[in-house]
Amino acid sequence: MPEKWIALTPLSGLEEGKVRVFKAGDVEIALCNVDGEVYAVENVCSHDDRPLGEGTLDGTEIECPWHGARFDVRDGRVRRMPASAPIRTFPVRVEDGQVCVALSEETQ
């Protein structure tokens, strides 16, 4: 499926160990800066559809602030219940200092 790359923010605007949420097309994306590497996940907990971006980042895991579900930001895998389904992740690249994510046609 064709992808469209969308610039969301300058890399300098992402603090290490923190999460920031951006709107890209029709989807909210939580950008996670893990030791200078940026990962993008959908800003929705698969357990109860609440915003993950309000949670905390612990290494490569983001924790939902509502019920404590944890997910690996690298691939969306569940790392701690009560979630049982993975979260959606997006390809990321940095171009000219801008963090860009790839959206498929279905998420635009």
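Here the structure is a predicted model, which is why all the values come from computation and not from measurement.
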Seminar exercise, completed: Apart from Met81 itself, its cluster of hydrophobic side chains linked below 4.5 Å comprises none
Problem set entry | Qualifying residue, where the test is side-chain contact (heavy atoms from CB on, under 4.5 Å) with Val38 and the options are Leu11, Val101, Val73 | Leu11
Problem set entry | Polar side-chain atom of Asn43 near backbone of Ala30 as donor-acceptor pair, under 3.5 Å | no
Exercise. Are Ile62 and Thr56 side-chain neighbours, meaning at least one heavy-atom pair lies under 4.5 Å?
Worked result: no
For this session: Please tell me if the side chains of Ile6 and Leu103 come closer than 4.5 Å, counting only heavy atoms from C-beta onward.
Result: yes
Exercise. Where do Ile87 and Cys45 land on the side chain to side chain contact (heavy atoms under 4.5 Å, CB included) test, with the steps shown first?
Worked result: CA-CA 7 Å; Ile87 56 173; Cys45 177; 5.8 Å; no
Problem set entry | Sequence neighbours excluded, every pair satisfying ring-ring contact (aromatic ring centres under 6.0 Å, His included) that has a member inside residues 4-29 | none
Exercise. Atom CD of Glu42 and atom CG of Leu52: how far apart are they, to the nearest 0.5 Å?
Worked result: 9.0 Å
Exercise. Nearest heavy-atom pair of Thr89 and Gly76: which atoms, and what distance?
Worked result: CG2-N, 3.4 Å
Exercise. Which pairs, with at least one residue in residues 43-74 and sequence neighbours excluded, count as a ring-ring contact (aromatic ring centres under 6.0 Å, His included)?
Worked result: His47-His67
For this session: Would you check if Tyr39 and Val92 make a side-chain contact, meaning some heavy-atom pair closer than 4.5 Å?
Result: no
Problem set entry | Contact check, side chains of Val19 and Leu31, non-hydrogen atoms, under 4.5 Å | no
Seminar exercise, completed: Distance col, row Asp72:CG vs Arg77:CZ, nearest 0.5 angstrom, shows 5.0 Å
Exercise. Do you reckon Leu14 sits in the same ILVMFWY cluster as Val94, going by side-chain contacts under 4.5 Å, direct or chained?
Worked result: yes
Exercise. Between atom CD1 of Ile29 and atom OG1 of Thr9, what is the distance when rounded to the nearest 0.5 Å?
Worked result: 12.5 Å
Problem set entry | Interatomic spacing from CG in Leu8 to CZ in Arg20 - rounded to 0.5 Å | 10.0 Å
Exercise. Do Glu16 and Lys18 meet the salt-bridge criterion of a basic N to acidic O distance under 4.0 Å?
Worked result: no
For this session: State, yes or no, whether a side-chain contact exists between Val27 and Arg88 at a heavy-atom distance under 4.5 Å.
Result: yes
Problem set entry | Worked check of salt bridge (charged side-chain N to carboxylate O under 4.0 Å, His left out) between Glu63 and Arg80 | CA-CA 9 Å; Glu63 182 174 323; Arg80 184 169 71 196; 3.1 Å; yes
Seminar exercise, completed: For Gly68 and Pro82, the nearest pair of non-hydrogen atoms, with its separation, is C-CD, 4.4 Å
Exercise. In Å and rounded to the nearest 0.5 Å, what is the CG to CG distance from Leu57 to Asn33?
Worked result: 8.5 Å
Problem set entry | Glu61 backbone acceptor or donor facing Asp58 side chain under 3.5 Å | no
Seminar exercise, completed: Output for pair (Cys100 SG, Lys4 NZ), nearest 0.5 Å, gives 12.0 Å
